[in-house]
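Worksheet for the structure shown next.
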There are 2 protein chains.
Amino acid sequence: MKLTTKGRYAVTAMLDLALHANDKPISLADISARQDISLSYLEQLFSKLRRQGLVDSVRGPGGGYRLSRECGDIHVAAVIDAVNESVDATGCQGANGCQGGETCLTHHLWSDLSEQIHGFLTSITLADLVARRDVQRVALSQVQRSAEPSPLHFVS
Amino acid sequence: MKLTTKGRYAVTAMLDLALHANDKPISLADISARQDISLSYLEQLFSKLRRQGLVDSVRGPGGGYRLSRECGDIHVAAVIDAVNESVDATGCQGANGCQGGETCLTHHLWSDLSEQIHGFLTSITLADLVARRDVQRVALSQVQRSAEPSPLHFVS
DNA sequence: TAAAGTCCGAGTAATTTAGTCAAGTATTAG
DNA sequence: CTAATACTTGACTAAATTACTCGGACTTTA
């Protein structure tokens with residue numbers, strides 16, 4: 001489990017996707033403009049998100065991406081893991097003198113700690129984030145142009 | 001809140017300190033040998049840990065470091081924050097068009113998320129980690145030379 | 001006074017992050 | 001059919017961070 005700005009970009013982009021979910025897919029150019037993330041960087045991220053089955057892509061004009069499932073079924077941990085790819089535990093891979101040695105102290109401790117954080121982030125879904133009031137307030141300014149009524153209902 | 005191998009090194013070193021806590025301070029050379037972390041890198045990390053008041057140093061021969069407080073009073077979050085230093089929130093600092101704009105979506109979301117993770121790691125102390133059975137088993141081989149009885153009691 | 005240790009700063013290789021560029025391929029509007 | 005749109009892929013690059021080295025201080029104990 002790694003927690004860097006890369007994962008933050010991915011979560012932000014996925015949240016943008018969840019907020020603007022209509023019938024139409026969302027183009028990366030739209031997300032790039034709204035969230036101020038470089039288009040090419042988004043391409044890299046979504047390439048991984050698609051390979052992990054978190055989003056579906058629609059090619060051609062009017063195409064773009066949409067969430068593969070309901071946002072309540074997409075966990076934050078899955079998004080972060082998707083873009084961080086290297087899921088190879090914590091460095092020591094059994095081989096070099098790790099058995100009962102000093103390195104395992106690190107290994108067990110950290111893998112357990114990051115497992116707990118992972119579990120924590122697994123308990124949060126995109127739907128939970130959408131439901132947050134702060135997000136909704138900001139999102140209001142972003143959907144003001146939207147023709148169809150937003151799926152959000154703003155809790156006071 | 002950032003979660004990288006740097007913080008892992010720091011937590012590991014602090015845990016080593018907690019496990020080998022006698023009356024004598026522990027030298028970085030010992031930690032370097034036991035945990036296989038470069039001595040000079042440890043010096044950098046402990047320089048920050050000392051400036052944050054997490055450890056006390058004793059100079060001269062026979063010197064070294066010891067925890068500044070009981071390990072039950074040292075939170076994992078504090079250790080990680082100490083070595084990561086830049087606690088400047090999440091990039092956007094109010095100034096450039098952040099007011100109600102698009103960037104704030106990222107800002108609020110992520111700062112809240114990392115605040116929750118921070119809270120989670122604050123709830124874990126070095127004492128909690130020491131108490132873990134996995135750690136104790138591995139630690140056994142490391143304290144076998146210790147003259148005095150280890151403060152650990154091994155739960156079956 | 002000599003050895004063992006902490007301190008401190010500069011410098012550096014490797015890795016990761018973030019981004020660019022350039023070419024593809026697929027699809028739909030017209 | 002054609003052209004515009006947009007995804008897809010890969011290689012490449014600049015900047016930042018990580019991990020580490022080196023050389024030299026300073027401090028204290030034996």
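Owing to the predicted nature of the structure, the values given are computational and were not obtained by experimental measurement. Labels below follow one simple rule: chain letters A, B, ... track the order of the sequence lines, proteins then strands, and each chain is numbered from 1.
Rounded to the nearest 0.5 angstrom, L17(B) CG and I31(B) CD1 are separated by 5.0 Å.
The nearest whole Å value for the distance from the NZ atom in K6(B) to the P atom in dT18(D) is 5 Å. Residue Q35(A) contributes atom CD, which lies 14 Å from atom P of dG19(C) at whole-angstrom precision. The distance from atom CG of D56(A) to atom C1' of dC7(D) is 13 Å, rounded to the nearest whole Å. What separates CD of E43(A) from P of dA22(C) is a distance of 14 Å, to the nearest Å. Here dA18(C) presents its P atom at 13 Å from CG of D36(A), a figure rounded to the nearest Å. Nucleotide dC7(D) holds its C1' atom 13 Å from the CD1 atom of I31(A), rounded to whole Å. Atom CZ in R50(B) sits roughly 7 Å away from atom C1' in dC7(C) (whole-Å rounding). Atom CG in L45(B) sits about 16 Å away from atom C1' in dG9(C), given to the nearest Å.
Taking the side chain of P61(B) as heavy atoms from C-beta on, and the options dT6(C), dT21(D), dA4(C), the nearest nucleotide is dA4(C).
The residue S40(B) sits close to a base: some heavy atom pair falls under 4.0 Å. Using a 4.0 Å heavy-atom cutoff across all strands shown, Y65(B) reaches sugar-phosphate atoms only and no base atom. Within 4.0 Å of L28(A), counting heavy atoms only, lie sugar-phosphate atoms of the nucleic acid but no base atom.
At dA4(C), none of the side-chain N or O atoms of K24(B) fall inside 4.0 Å of OP1 or OP2 (strictly under the cut-off). Residue K2(A) places at least one side-chain N or O under 4.0 Å from the OP1 or OP2 atom of dT17(C). Phosphate proximity of dT18(D) to R8(B): absent, as no side-chain N or O sits under 4.0 Å from OP1 or OP2. The side chain of S57(A) contributes an N or O atom lying less than 4.0 Å from OP1 or OP2 of dT8(D). Using a 4.0 Å cut-off, no side-chain N or O of Y41(B) falls inside it from OP1 or OP2 of dC20(D). Side-chain N/O atoms of R59(A) include none lying less than 4.0 angstrom from OP1 or OP2 on dT5(D). Residue T4(A) places none of its side-chain N or O atoms closer than 4.0 Å to OP1 or OP2 of dT16(C).
Counting heavy-atom neighbours within 6.0 Å of E70(A) CD, excluding the residue itself, gives a total of 12 or less.
Checked by atom type and distance alone, the side chain of N84(B) pairs as donor or acceptor with a backbone atom of K2(B) at under 3.5 Å.
Using a 4.5 Å cut-off on side-chain heavy atoms (C-beta onward), H118(A) and I80(A) make no contact.
The heavy-atom pair separating Q52(A) from A82(A) by the smallest distance is CG-CB, 3.6 Å.
Between Q44(B) and S47(A), it is S47(A) whose nearest contact on DNA chain D lies nearer the 5' terminus.
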